Amino acid sequence: MPPLCLDHVTLSSGDIERTVAFYGDILGLRPGFRPPLEANGVRVGGVWLYPEGGTYPILHIIDRKPEDGPTGAFHHFAFRGTGLLAFLDHLRSRAVEFKAAPVADTSDTQVHFFDPNGVKIEMIFADRVAPSLLS
């Protein structure tokens with residue numbers, strides 16, 4: 001059976017407060033219910049972030065410094081959004097560097113930027129605008 005949709009992404013962060021604040025400010029994700037989690041009998045701290053009006057967390061943040069390891073090849077994750085120009089203005093107003101470009105042979109535009117941990121994030125919008133508005 002093929003996957004139906006992206007359920008969640010889990011990131012490690014050595015500065016969980018800054019990471020939660022970033023995702024709250026930039027993507028509107030908010031902390032919500034997270035059960036007590038353990039690994040090898042040790043409590044694992046963290047936060048689950050929910051989209052506005054969402055019923056399940058789409059971003060899990062683990063409270064630990066990212067380390068080299070088997071997931072070092074992780075490249076990026078992507079969300080689909082609406083309101084391309086408003087989102088670009090939002091990034092600019094917070095001095096978040098980004099690269100935006102149309103996706104060839106589609107009506108989509110992609111926007112790439114980085115979180116405070118160096119994780120690459122892509123937002124995809126079903127919008128096409130003049131290239132001069134993307135920088």
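None of these values were measured; they are calculated from a predicted model.
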Please list every donor-acceptor pair under 3.5 Å in which a side-chain atom of residues 16-24 meets a protein atom from a residue at least two apart or in another chain.
unit_1 : atom_1 : unit_2 : atom_2 : d
Thr19  : OG1    : Ser13  : OG     : 2.6
Thr19  : OG1    : Asp15  : O      : 3.0
Thr19  : OG1    : Asn117 : ND2    : 3.0
Tyr23  : OH     : Asp115 : OD2    : 2.8

Residue pair Met123 / Leu27: nearest heavy atoms and the distance that separates them: SD-CD2, 3.8 Å
With hydrophobic residues grouped by side-chain heavy-atom distances under 4.5 Å, do Leu91 and Leu133 end up in a single group? yes
Kindly say whether Ala126 contributes a backbone atom to a donor-acceptor pair with the side chain of Ser107 at under 3.5 angstrom? no
If hydrophobic clusters are built from ILVMFWY residues whose side chains come within less than 4.5 Å, do Phe114 and Val119 share one? no
Establish whether Val129 and Val111 are linked, either directly or via other cluster members, by ILVMFWY side-chain heavy-atom contacts under 4.5 Å. yes
Check for a donor-acceptor pair, side chain of Arg92 on one end and backbone N or O of Ser135 on the other, with a separation under 3.5 Å. yes
Arg64 (side chain) donor-acceptor with Gly45 (main chain) under 3.5 angstrom: no
If hydrophobic clusters are built from ILVMFWY residues whose side chains come within less than 4.5 Å, do Ile61 and Ile26 share one? yes
If a pair satisfies salt bridge (charged side-chain N to carboxylate O under 4.0 Å, His left out) and one of its residues is in residues 76-85, list it, with sequence neighbours excluded. Arg80-Asp108
Joint cluster assignment, Ile124 & Val96, ILVMFWY side-chain distance < 4.5 Å: no
Which residues pass the ring-ring contact (aromatic ring centres under 6.0 Å, His included) test with Phe125, not counting sequence neighbours? Phe87
Which heavy-atom pair separates Trp48 from Pro57 by the least distance, and what is that distance? CE3-CG, 3.3 Å
Validation row: Leu29, Pro51 side chains within 4.5 angstrom (heavy atoms): yes
